[in-house]
Visitor: 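Got a structure here, written out as structure tokens. Questions coming.
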Amino acid sequence: MKTLFFCLSLCVMAAPVAAAPRLVMLDVGEGQAVLLQQGHRGVLIDVGHPGMSQKVLERLGALGVKQLDYLVLTHLHPDHAGGYFRLREAFPQTPVLYSGHPLPADVRPDLVRWVNDALAQDAHRRLLRAGEDISWQGMSIEVLWPEAFSGDNLNRHSLVLLLRYAGLELLIMGDADALVEQALLEQNKLPANIDVLVAGHHGAADATSAAFVDRLHPRLALISVNAGNIRGYPGEEVLQRLEKAGARVLRTDRHGELRLDLCSRKRDGRCVIRVETER
């Protein structure tokens, strides 16, 4: 396990603060699962594909998570939502939040339809739209997208979430692409100079556009991706944009599980993010 302190300015020794939430990007290979954790409580944003369900549950246990307050599905593609059934068995009372994007009758793969049908019968489901805000353990989780539905593209209707905690700003893009980014820019919904970006669509070239990066200037960029994947993620041009903007890029295919203690220390009243990588 490698550890570094990611400071908002020059890093010096600073006084520790009371236990703060952490963000953990689980290493689920081809897919994405992001955990927000405060002690034994958690919020899981996406769950990876079905083959990773057991690993996700094991990691939740190893990290000490006993209660999931929310299960959030950014969209229903199998690499983000395929583990829904196994997670639902383990946490049957947890509210599950998703956009409710209507699907075409012939949607593929079938697993998308199966998850959608199960959600329609889930007594603890809740629909999210842009403008809603969830408060959790001192953190604000604001939904930036989607406002409405137009067309059948699941990625283009992925939930986009802006997290705020103790002056920090973290943006989770799901699989939203450059068209979504442009809409958010035009609507002036994106903050400038954010602390952490969970890159959209696993760092693919159809997302994380130049205008988007120029607006955000993220200090840390996290990419969930499997090694040697057939799609060539992440795109080289995306990596170059992020690095040119000054972002430290961390990837699950190279660094394994990524753990961010969101306010492990403070310097001059500002939070210092402590980052641990699995390798």
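The chain is numbered in sequence order, starting from 1.
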Visitor: Any heavy-atom pair between the side chains of K55 and V28 that's under 4.5 Å?
Guide: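 Not touching, per the 4.5 Å side-chain cut-off.
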Visitor: Do V143 and L163 sit in one hydrophobic cluster, given that two such residues count as connected whenever their side-chain heavy atoms are within less than 4.5 Å of each other, even indirectly?
Guide: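 Hydrophobic grouping puts V143 with L163.
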Visitor: Looking at side-chain heavy atoms only, is the closest gap between M173 and E181 below 4.5 Å?
Guide: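 Sidechains of E181 and M173: in contact.
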Visitor: Test D261 against R259 for salt bridge (Lys or Arg N to Asp or Glu O under 4.0 Å), laying out the working first.
Guide: CA-CA 7 Å; D261 291 326; R259 304 181 196 175; over 6 Å; no
Visitor: Is the shortest distance from a Lys or Arg side-chain nitrogen in D122 or R88 to a carboxylate oxygen in the other one below 4.0 Å?
Guide: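 R88 and D122: salt-bridged.
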Visitor: Closest approach of G42 and V65, non-hydrogen atoms and distance?
Guide: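 Nearest heavy atoms, G42 then V65: N-CG1, 4.2 Å.
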Visitor: With sequence neighbours left out, what residues match E236 under side-chain hydrogen bond (donor to acceptor under 3.5 Å, both in side chains)?
Guide: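 With neighbours one apart ignored, the set is empty.
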Visitor: Taking the inter-plane angle between the rings of H202 and H80 on a 0 to 90° scale, is it parallel (under 30°), tilted (30 to 60°) or perpendicular (over 60°)?
Guide: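 Plane angle between 30° and 60°, so tilted.
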Visitor: May I ask you to decide if the ring planes of H157 and H101 are parallel, tilted or perpendicular, using 30° and 60° as cut-offs?
Guide: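 Parallel.
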Visitor: Between P102 and F149, which heavy-atom pair has the shortest distance, and what is it?
Guide: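 Shortest heavy-atom contact: CD-CD1, 3.4 Å.
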Visitor: Step by step, would you call E132 with R126 a salt bridge (Lys or Arg N to Asp or Glu O under 4.0 Å)?
Guide: CA-CA 12 Å; E132 296 191 56; R126 174 181 161 190; 3.3 Å; yes
Visitor: Determine whether L170 and L162 make a side-chain contact, defined as any pair of heavy atoms from C-beta on separated by less than 4.5 Å.
Guide: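 Side-chain contact under 4.5 Å: no.
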Visitor: What heavy-atom pair brings E169 and A192 nearest, and what distance separates the two atoms?
Guide: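 Taking every non-hydrogen atom into account, OE1-O, 4.2 Å.
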Visitor: Below 4.5 Å, heavy atoms only, C-beta onward: do V238 and V213 meet side chain to side chain?
Guide: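 Heavy-atom side-chain distance check fails, nothing below 4.5 Å.
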Visitor: With the side chain counted from C-beta on, respond yes when V96 and L73 share a heavy-atom pair under 4.5 Å apart, and no when they do not.
Guide: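 Answer yes - side chains close enough.
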Visitor: Quick one, N193 and L216 - any side-chain contact, counting heavy atoms below 4.5 Å?
Guide: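 Sidechains of L216 and N193: no contact.
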Visitor: Thinking salt bridges, do E276 and R22 make one under a 4.0 Å N-O criterion?
Guide: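 Looking at R22 together with E276, the answer is no, because their closest N to O distance does not fall below 4.0 Å.
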Visitor: Using every non-hydrogen atom in the two residues, find where R125 and Y98 come nearest and quote the distance to one decimal.
Guide: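 Closest heavy-atom pair between R125 and Y98: CD-OH, 4.0 Å.
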Visitor: With clusters defined by side-chain heavy atoms of hydrophobic residues (ILVMFWY) lying less than 4.5 Å apart, directly or transitively, does V198 cluster with V72?
Guide: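 Linked within one cluster.
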Visitor: Does a side-chain N-to-carboxylate-O contact under 4.0 Å join E147 and R129?
Guide: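 Result for this pair is no, no salt bridge flagged.
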Visitor: Report yes if the side chains of L171 and V160 come closer than 4.5 Å at any heavy-atom pair, otherwise no.
Guide: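 Yes - at least one pair of side-chain heavy atoms lies under 4.5 Å apart.
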Visitor: Side chains of D69 and Q67: donor-acceptor distance under 3.5 Å anywhere?
Guide: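 Yes.
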Visitor: Is the shortest heavy-atom distance from the side chain of E89 to the side chain of L87 under 4.5 Å?
Guide: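 Contact flag for E89/L87 side chains = no.
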